Amino acid sequence: MTVRTRFAPSPTGYLHVGGARTALFCFLFARKHGGQFVLRIEDTDLERSTTESVNAIMEGMTWLGLDYDEGPFFQTQRFERYQAVIDELLDKGLAYRCNCSKERLDRLRDTQMAAKVKPRYDGHCRARAVDPNAPHVIRFSNPVDGVVVVDDMIRGRVAFANAELDDLILRRSDGSPTYNLSVVVDDADMGITHVIRGDDHLNNTPRQINILKALGQTPPRYAHVPMILGADGARLSKRHGAVSVVAYRDLGYLPEALLNYLVRLGWSHGDQEVFSLEEMIELFDLEAVNKAASSFNTDKLDWLNQHYIQHSDPLRIARLLSPHMGHLGIDPTEGPDLAEVVSAQAARAKTLTELAAISAFCYEDFAEYDADSAKKHLRPVAREPLARLRAELDMLALQDWQQETLHHVVERVASDLGLNLGKVAQPLRVAIVGRAASPGIDITLQLVGKPATMRRIDRALAFIDARAAAVN
RNA sequence: GCUCCCUUCGUCUAGCGGUCAGGACGCUGGCCUCUCACGCCGGUAACAGGGGUUCGAAUCCCCUAGGGAGCGCCA
């Protein structure tokens, strides 16, 4: 039997991190076992489903690289099939028509709540002859006694008494099927062997098993994964910043970083923290999935993102970084090779947006000095080293404007003046970067280029003079 | 209210009867060093509480507390 899993979101919003992790687990499990992963859109709620949501979900999955083997299937295109199954259930006496009024149902519920029992339908219409031509819903005849056992691959054996379950609605009065019916029919029709989903569905599982049994189907294996909570331990919501997967892309996160972070949220393989997609596929195991909910922690995501920025091919990072430079109004083709900038800066940024921000100085003059840095390094004592550097650097031919040569020039100026390298490099750094943090001074000079370096040193000298004049 | 699920450092987790309760992020001390980072070395910090079972419990059982989910003509 080949493994088949499915991710079945309802298109009522974007793909959020919780859904993405569920999709990832489904994807990994299928891949690991050489099976298929299918995408199914559960759009039976005509009111709330939108095509924008469908697109947003697929965009998220594409970005993460969660390729599906089949689908997307849309439940709205399978209504005749659901109808046939409902008719079959009706014929076999396993479902019945119900025309209980909203008022009766509300009253029933109030009575039950008052009696401190679980509110549920009382089966009033089970044995009644309801006019098929008047408005009605179709309910499932749930077994009245016995227990349903869910042998969950993550939570273990969970038993539910049938007495706790009621006769749920399979078809609405407008003729559309409800979730519990369509899910069951699709999972069976699509040959799904393993249903991996959020644990908010655990309570639905016994009902679905009962329907499956009524249909003469063998239930699939189930695996209910715990929820993902916000950093404050509360349920994930917009309040927690970016919850949409593509929002993380826009914030400058790499898909492999988010995937790596997500796979470790609830799953582990000993002490290993970093997993390539290949390793995830090889090592993923439902038995190792945690039972408890976990909260989303941006610090760790940042750490992973930094790790991947630093250890990935600079050419690829440069390609992904380019649009972020664009958002800053910078055209990275006009200036140093972006991949070289990435190589120099990769260890300094947690996100691509941050990487773009700290690399802007390679392409355009900074607006103003960082106040503290200028105050500390652009002082009168720095005038001589800077003037000397300007003279020495000016003598370099353009083809000699290379890291190694530049390094020697800075070193020579320092030793000629009897100063530590830091006394020379720091003022120079502030002069050309605008602040006291950048890659090594030599590579920084190389990336900025000669014209801009000369220009910015002059600007620093003028700044020092102006400041001295102001003091006097 | 009823049913079901969950509970190890602040966070993610290892542990599956005998460990000084391990790792990672964060925070923090130091090293490296032209700055900032990176890297390296060290530190901080947890078994929700109470009963059992056992020679021995983070590990098994029960209770309590806390958290979550479901109880829709939503999915």
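Note that the coordinates shown come from a computational prediction; the quantities given were computed from them, not determined experimentally. Just so it is clear: chains get the letters A, B, ... in the order the sequence lines come, proteins before strands, and each one is counted from 1.
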For this session: Please list, chain by chain and in numerical order, all residues satisfying salt bridge (charged side-chain N to carboxylate O under 4.0 Å, His left out) with A:K102, sequence neighbours excluded.
Result: A:D106
Below 3.5 Å, can you tabulate the donor-acceptor pairs from side chains in residues 138-151 of chain A to any protein atom, sequence neighbours excluded?
unit_1 : atom_1 : unit_2 : atom_2 : d
A:R139 : NH1    : A:D167 : O      : 2.7
A:N142 : OD1    : A:N210 : ND2    : 2.9
A:N142 : ND2    : A:N162 : OD1    : 3.4

Quick one: salt bridge (Lys or Arg N to Asp or Glu O under 4.0 Å) pairs with a partner in [range], sequence neighbours left out?
| range | result |
| --- | --- |
| residues 205-215 of chain A | A:D166-A:R207 |
| residues 377-389 of chain A | A:R383-A:D465, A:R388-A:E392, A:R388-A:D416 |
| residues 253-269 of chain A | A:E256-A:R316, A:R264-A:E273 |

Problem set entry | Pairing residues for A:K375 by the side-chain contact (heavy atoms from CB on, under 4.5 Å) criterion, not counting sequence neighbours |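 Only A:R467 meet the side-chain contact (heavy atoms from CB on, under 4.5 Å) criterion with A:K375.
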Exercise. Are OP1 or OP2 of B:rA75 and a side-chain N or O of A:T44 less than 4.0 angstrom apart?
Worked result: yes
Distances under 3.5 Å between protein N/O atoms and the N/O atoms of nucleotides 38-47 of chain B, please, pair by pair.
unit_1 : atom_1 : unit_2 : atom_2 : d
B:rC38 : O2'    : A:Q310 : OE1    : 2.5

For this session: Measure distances between side-chain N and O atoms of A:S294 and base N and O atoms of B:rC12, and say whether any donor-acceptor pair falls under 3.5 Å.
Result: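 When only heavy-atom distances are counted, A:S294 does not reach the base of B:rC12 through any donor-acceptor pair under 3.5 Å.
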For this session: Report the residues that fulfil side-chain hydrogen bond (donor to acceptor under 3.5 Å, both in side chains) with A:R107, sequence neighbours left out, ordered by chain and then residue number.
Result: none
Problem set entry | Contacts of type side-chain hydrogen bond (donor to acceptor under 3.5 Å, both in side chains), residue A:R221, not counting sequence neighbours |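 None.
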Can you tabulate the close N/O pairs, meaning under 3.5 Å, that link protein atoms to atoms of nucleotides 4-8 of chain B?
unit_1 : atom_1 : unit_2 : atom_2 : d
B:rC5  : O2'    : A:R155 : NH2    : 2.5

With the criterion being N/O to N/O and under 3.5 Å, what pairs connect the protein with nucleotides 60-63 of chain B, and how long is each?
none

Exercise. Going by number, which of residues 377-385 of chain A have a non-hydrogen atom under 4.0 Å from RNA chain B?
Worked result: none
